[in-house]
2 protein chains.
Amino acid sequence: MNDELMTIREMCEAFEVTPRTLRFYESKELLSPIREGQKRLFTRRDRARLKLILRGKRFGFSLEEIRQLLDLYHVGDQQLTQYTRTIELARKRLAEMERQHEELTSAISELKAQLVEGERELARMRKSASVSSAA
Amino acid sequence: MNDELMTIREMCEAFEVTPRTLRFYESKELLSPIREGQKRLFTRRDRARLKLILRGKRFGFSLEEIRQLLDLYHVGDQQLTQYTRTIELARKRLAEMERQHEELTSAISELKAQLVEGERELARMRKSASVSSAA
DNA sequence: CGTTACATTTACGTAAACGTCAAGCTCTGT
DNA sequence: ACAGAGCTTGACGTTTACGTAAATGTAACG
């Protein structure tokens, strides 16, 4: 209800995930909702993180990788060396993403080529079918 | 040795897979090498199929999807409708891949932006560190 | 006060695609 | 004949990201 705090149910609807997922992410320290009694209340920070988590997942990052990358987004009182390591990690991920990107690019053009050939074959099949039905 | 028949070891080297993988694919009915005694001998047909399997995997098809596609391909020489369906499936997959590609593209630029900011932050941290050590 | 409706924790289950033993054939070389 | 290499078939292990069920708690409704 509140703009500031959301229940688990509200979160689920807003982000199209299950409660199990949110609890699971909490157990993995990706989220850290506050507790009112034993119920969870998700903050704006949790929502921001969840958004990033889901985006990370869409292109194949593991939750563990995402957890490490999330540190990049909340850099208040980090130690310098720690922060440097985080940035290095992000660079590695970026390199991997770019590799994936290239692979995907070539896979797409390969598949496109296959499709063109497949359609040509299909045309041949139709043609011979119509010939034999005309005979 | 023979161009016609290959042992499991030769197959592994030729395609850069492990024996376990080939046996696994056989158990999933993706391959069906002939047996000489208890050893496997892979035919030209197996090689063609394996090539398709590996390509399918690069496109992101699951083994189960690949199995179905191979089956359709097998019968599909005669059946026009099934071949059409195969092509439809490939088109869907292509669309999905293109969506992934776009997401990856934007994710990359986002991460790059984050890195730029992260490095700026890092510079600030170093600066304040040197100031405080100078004080 | 009882029922209904969610919430919670704990813990085992699942699917994909193999990896990794274990234990036993079989062929080769010496 | 014996060692070693390589092949075989189970069968259990691994990882990731949750699903699902059981037992229990809590809060509001009527």
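We name chains A, B, ... by the order of the sequence lines, and we start the count at 1 in each one. In this text, all values refer to a predicted model and were calculated from it rather than measured experimentally.
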Check whether any side-chain N or O of Arg35(B) sits under 3.5 Å from a backbone N or O of Leu41(B) as a donor-acceptor pair, and report yes or no. no
Rounded to whole Å, the CD-P distance (Glu10(B) to dG6(D)) equals 13 Å
**Asked** Looking only at side chains, do Gln68(A) and Glu64(A) share a donor and an acceptor under 3.5 Å apart?
**Response** yes
Rounded to whole Å, the CE-P distance (Met11(A) to dC6(C)) equals 19 Å
Between CD of Glu36(B) and P of dG6(D) the distance, given in whole Å, is 18 Å
Lys39(A) atom NZ is separated from dA5(C) atom P, nearest whole Å, by 15 Å
- Task: Find out whether the Lys NZ or Arg CZ of Arg93(B) is both under 6.0 angstrom from the six-membered ring centre of Phe61(B) and within 45° of the ring's axis.
- Result: yes
Counting primed atoms, P, OP1 and OP2 as sugar-phosphate and everything else as base, the B/S/- map of nucleotides 15-21 of chain D against protein heavy atoms under 4.0 Å is --BBBB-
Looking for any heavy atom pair under 4.0 Å, which part of the strands does Arg23(B) touch: base, sugar-phosphate only, or nothing? base
Next on the checklist: Using modelled atom types and a 3.5 Å cut-off, is there a donor and acceptor pairing between side-chain atoms of Glu65(B) and backbone atoms of Ser62(B)?
Outcome noted: yes
Rounded to the nearest 0.5 angstrom, the CG-CD1 distance for Leu70(A) and Ile53(A) is 5.5 Å
To the nearest angstrom, the CG-P distance between Leu22(B) and dG6(D) comes to 17 Å
Between CG of Leu54(B) and P of dA17(C) the distance, given in whole Å, is 13 Å
Regarding the side chain of Gln38(A), the nearest nucleotide among dA27(D), dG25(D), dC7(D) is dG25(D)
Ile53(B) atom CD1 is separated from dC18(C) atom P, nearest whole Å, by 10 Å
Ile8(B) atom CD1 is separated from dC25(C) atom P, nearest whole Å, by 19 Å
### Query
Looking just at side-chain N and O atoms, do Thr21(A) and Thr18(A) make a donor-acceptor pair shorter than 3.5 Å?
yes
Would you say Arg9(B) places a side-chain N or O within less than 4.0 Å of OP1 or OP2 belonging to dC7(D)? yes
- prompt: If you draw a 6.0 Å radius around CD in Glu119(B), do more than 12 non-hydrogen atoms from other residues or ligands fall strictly inside?
  reply: yes
